[in-house]
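Let me begin by presenting the structure, written as structure tokens, before commenting on it.
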Amino acid sequence: MARVAFDHVWKRYGTNAVVSDLTLEVADGEFVVLVGPSGSGKSTALRMLAGLEEISGGQIMIGDRVVNELTPKDRDVAMVFQSYALYPHMSVFDNMAYGLKLHHVGKEDIARRVRETASFLGIGELLDRKPRQLSGGQRQRVALGRAIVREPQVFLMDEPLSNLDAKLRVQTRAEIIKLHQRLGTTTIYVTHDQVEAMTMGDRIAVLNDGRLQQFDTPDRLYRSPVNLFVAGFIGSPAMNFFDMRVQYADGQGRLVGEHFSLPVADADAGALAGYHDAVVTVGIRPEDIVDRRLDGQLPADAVIGVKVDVVETLGPEQYVYLETAAGDTMVARIPPDVVLRAGTSVDVVLPPDRLYYFDRATGQAIRTEPAGVAETA
Ligand code: ADP
Ligand code: MG
């Protein structure tokens with residue numbers, strides 16, 4: 001086990017930077033997820049760490065060693081790919097044993113480690129089969145097993161669940177978490193799926209366009225996104241955004257739109273004071289929008305009338321697509337027993353303490369940090 005550190009790491013193809021100035025420190029034994037949309041540089045970052053891709057600038061450390069110049073074999077990491085990359089002509093046993101043979105581990109030691117790992121993963125009966133005689137889920141386990149038997153300092157996983165069907169994906173996700181709890185090996189896991197990231201990571205590094213946006217716990221990413229990108233990326237359905245003008249009168253802040261206005265919570269008054277008379281982007285999560293009939297206690301001046309466009313019934317909840325008089329659209333997550341019909345009007349509450357604010361020019365969050373909470377990005 002070891003800590004991993006990216007220190008001002010760059011990757012350029014010609015003049016095009018696909019990873020820009022990445023600085024990230026993963027603690028010994030931590031499970032860190034790199035998440036971001038397709039093309040954001042996740043695989044490139046992981047491959048530079050594995051030694052499969054040259055570094056254009058900066059330094060990568062594993063444990064106390066700078067690994068920039070080390071071959072993949074000497075970095076003591078094991079990687080699991082989306083494609084599994086098993087050798088088709090080799091048995092499961094030989095696939096799992098291959099890396100150990102390369103490292104000149106003794107024959108008996110190899111047999112013991114492969115059998116132990118296979119039985120731990122529930123593939124002990126499959127050791128004589130060829131990859132083509134396995135289901136997708138079984139192949140994926142062999143790929144994991146091949147990494148585990150190596151007993152590396154660090155596991156690297158690049159979208160290892162993407163080729164599995166939805167049910168198997170959720171099941172294997174839980175198994176990988178259990179595996180990490182048991183082995184405690186430092187793990188860096190790449191995915192484009194924010195749900196996977198939120199459920200698996202001790203901490204999550206959000207990348208966009210080759211740049212680290214925020215590196216934080218799932219809870220802090222959800223509650224305190226540092227910018228519009230993170231706010232829109234984490235959470236499903238995504239946070240709703242609309243623009244409103246900030247107005248202060250007698251020390252009281254309000255957000256003023258064409259057809260409705262909303263109060264500013266006391267906790268946000270300080271941070272927004274500098275935006276008097278300016279337009280800011282306001283965000284609210286679908287789960288924070290409340291049907292007024294459900295809660296009479298919420299502030300009456302935070303109510304807006306909206307039109308119901310579409311209702312999606314999911315079973316435990318419904319996603320309700322709403323349109324304001326100004327033509328802004330919003331999605332709300334509403335409990336399933338509330339009757340809402342497309343084409344009708346409804347009053348919803350946007351609770352002031354659930355609103356997020358962003359600077360329109362920079363996209364950065366506008367907020368007052370609670371005392372004692374350190375900025376991490
Ligand atoms: P992700 O894994 O987040 O989807 P990648 O790290 O695979 O993203 O790719 C990041 C960017 O780098 C993409 O825009 C991709 O087109 C570009 N890229 C990857 N490999 C090369 C290459 N060999 N030459 C030029 N551009 C590349
Ligand atoms: Mg990728």
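Please read all numbers here as calculations on a predicted model, not as lab measurements. Note: hydrogens, waters and symmetry copies are ignored here, and every other heavy atom, side chains too, is used. Residue indices begin at 1 and follow the sequence shown.
- For E30, the side chain to side chain contact (heavy atoms under 4.5 Å, CB included) criterion is met by V26, A27, V32, D202, R203, not counting sequence neighbours.
- Inter-residue side-chain proximity for R367 and V226 is flagged as met; some heavy-atom pair is nearer than 4.5 Å.
- The main-chain N or O of G315 is never found under 3.5 Å from a side-chain atom of T313 such that the two would form a donor-acceptor pair.
- There is no path of hydrophobic side-chain contacts, each under 4.5 Å, that joins L314 to V338.
- Screening residues 93-138 for ring-ring contact (aromatic ring centres under 6.0 Å, His included) gives Y87-Y98 as the qualifying pairs, with residues at least two apart or on separate chains.
- In this structure a side-chain-to-backbone donor-acceptor pair under 3.5 Å is present from T187 to T185.
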- [ ] Kindly determine whether Q59 and F6 satisfy side-chain contact (heavy atoms from CB on, under 4.5 Å), including the steps that lead there.
- [x] CA-CA 6 Å; Q59 228 177 39; F6 289 85; over 6 Å; no
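- Between P336 and P316, the closest heavy-atom pair is CD-O, 3.2 Å.
- Once rounded to the nearest 0.5 Å, the distance linking CG of D219 with CZ of R223 reads 4.5 Å.
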Open item on the list: Checking L134 against L126 for the side-chain contact (heavy atoms from CB on, under 4.5 Å) test, could you report, in this order, the C-alpha distance in whole Å, the side-chain angles of both residues, the deciding distance, and whether it holds?
Closed with: CA-CA 8 Å; L134 303 175; L126 307 175; 3.9 Å; yes
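- Using a 4.5 Å heavy-atom cutoff, the side chains of L322 and V331 are not in contact.
- A distance-only check finds no donor-acceptor pair linking the side chain of E196 to the backbone of D193 [under 3.5 Å].
- Residues V195 and M198 form no side-chain contact, since every pair of their non-hydrogen atoms from C-beta on lies 4.5 Å or further apart.
- Between the side chains of E159 and Y189, no donor-acceptor pair is found at a separation under 3.5 Å.
- V67 and L52 fall within the same hydrophobic cluster, defined by Ile, Leu, Val, Met, Phe, Trp and Tyr side-chain heavy atoms under 4.5 Å apart, directly or through other members.
- Under 4.0 Å is where a charged nitrogen must lie from a carboxylate oxygen, and between R360 and D243 at least one such pair does.
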Give every donor-acceptor pair under 3.5 Å between a side-chain atom in residues 7-17 and any protein atom, sequence neighbours left out.
residue, atom, partner, partner atom, Å
H8, ND1, D21, OD1, 2.7
K11, NZ, E54, O, 2.7
Y13, OH, E53, OE2, 3.4

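- Without hydrogens or angle criteria, Q153 side chain to T186 main chain gives no donor-acceptor distance under 3.5 Å.
- Scanning for salt bridge (charged side-chain N to carboxylate O under 4.0 Å, His left out) contacts around D291 gives R293, with sequence neighbours left out.
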Open item on the list: Between V77 and I188, does the side-chain contact (heavy atoms from CB on, under 4.5 Å) criterion hold? Intermediate values first, please.
Closed with: CA-CA 10 Å; V77 302; I188 303 179; over 6 Å; no
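- Side-chain heavy-atom separations under 4.5 angstrom define the hydrophobic clusters, and the remaining members of the one that includes F358 are L228, M239, F241, Y356.
- Between V348 and R292, the closest side-chain pair of non-hydrogen atoms is not below 4.5 Å.
- When atom types are taken as modelled, the side chain of S261 and the backbone of G257 share no donor-acceptor pair closer than 3.5 angstrom.
- Residues V66 and I60 form no side-chain contact, since every pair of their non-hydrogen atoms from C-beta on lies 4.5 Å or further apart.
- Residue pairs that meet the ring-ring contact (aromatic ring centres under 6.0 Å, His included) test with at least one member in residues 257-288, sequence neighbours left out, do not exist here.
- Counted by atom type alone, N227 and Q213 present one or more donor-acceptor pairs between their side chains at under 3.5 Å.
- Remark: R112 engages D109, E116 in a side chain to side chain contact (heavy atoms under 4.5 Å, CB included) (not counting sequence neighbours).
- Identified under the ring-ring contact (aromatic ring centres under 6.0 Å, His included) test for residues 144-187, with sequence neighbours left out: F31-H180.
- Applying the salt bridge (Lys or Arg N to Asp or Glu O under 4.0 Å) definition to pairs two or more places apart or across chains, none involves residues 61-70.
- When atom types are taken as modelled, the side chain of R129 and the backbone of Q133 share a donor-acceptor pair closer than 3.5 angstrom.
- Other residues, nucleotides and ligands place more than 12 heavy atoms under 6.0 Å from the CG atom of D337.
- With rounding to the nearest 0.5 Å, the separation of CG in L350 from CG in D288 is 9.5 Å.
- Each of L46 and M61 belongs to its own hydrophobic cluster when Ile, Leu, Val, Met, Phe, Trp and Tyr are linked at side-chain heavy-atom distances under 4.5 angstrom.
- With no hydrogens or angles considered, a side-chain donor-acceptor pair links S43 and D158 at under 3.5 Å.
- Seen from the ring of Y222, R285 counts as a face-on cation partner, given the 6.0 Å and 45° thresholds.
- Under a hydrophobic clustering in which Ile, Leu, Val, Met, Phe, Trp and Tyr are joined whenever their side-chain heavy atoms come within less than 4.5 Å, directly or via other members, F242 and Y319 fall into different clusters.
- Minimum interatomic distance between P72 and G51 (heavy atoms only, all atoms of both residues): CG-O, 3.4 Å.
- Residues N68 and R75 approach most closely at O-NH2, 3.4 Å, considering heavy atoms.
- Listed for the D28 side chain is a donor-acceptor partner under 3.5 Å among the backbone atoms of A2.
- Expressed to the nearest 0.5 Å, how far CG of L355 lies from OH of Y357 amounts to 4.0 Å.
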Open item on the list: Quick one, I148 with L121, criterion side-chain contact (heavy atoms from CB on, under 4.5 Å). Give me CA distance, side-chain angles, the key distance, then yes/no.
Closed with: CA-CA 10 Å; I148 295 168; L121 289 169; 4.1 Å; yes
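- Side chains of Q247 and D277: a donor on one and an acceptor on the other come within 3.5 Å.
- Counting only heavy atoms from C-beta outward, the side chains of N95 and P131 approach each other to under 4.5 Å.
- Under a 3.5 Å cut-off, the side chain of K130 and the backbone N or O of P88 do not form any donor-acceptor pair.
- Pairs passing the salt bridge (Lys or Arg N to Asp or Glu O under 4.0 Å) check and including a residue from residues 162-191, sequence neighbours excluded, read R141-E175.
- Once rounded to the nearest 0.5 Å, the distance linking CZ of R47 with CE of M79 reads 6.0 Å.
- Under the 4.5 Å side-chain criterion, counting only non-hydrogen atoms from C-beta, M157 is in contact with L144.
- Not one N or O on the side chain of D250 forms a donor-acceptor pair closer than 3.5 Å with the backbone of Q252.
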Can I get a per-line list of side-chain donor-acceptor pairs under 3.5 Å for residues 297-309, giving both atom names and the distance, sequence neighbours left out?
residue, atom, partner, partner atom, Å
D301, OD2, R254, NH1, 3.4
K307, NZ, D309, OD1, 3.2

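- A side chain to side chain donor-acceptor pair (under 3.5 Å) check over residues 324-335, counting only residues at least two apart or in different chains, returns the pairs E317-R333.
- Formation of a donor-acceptor pair under 3.5 Å by the Q140 side chain with backbone atoms of P160 is found in this model.
- Taking hydrophobic clusters as Ile, Leu, Val, Met, Phe, Trp and Tyr residues chained together by side-chain heavy-atom distances below 4.5 Å, V170 does not share a cluster with L179.
- The shortest side-chain heavy-atom distance between L127 and S91 does not fall under the 4.5 Å cut-off.
- Note: N240 CG to Y321 OH = 10.0 Å, rounded to the nearest 0.5 Å.
- Annotation: the span from L255 atom CG to L272 atom CG amounts to 7.0 Å, rounded to 0.5 Å.
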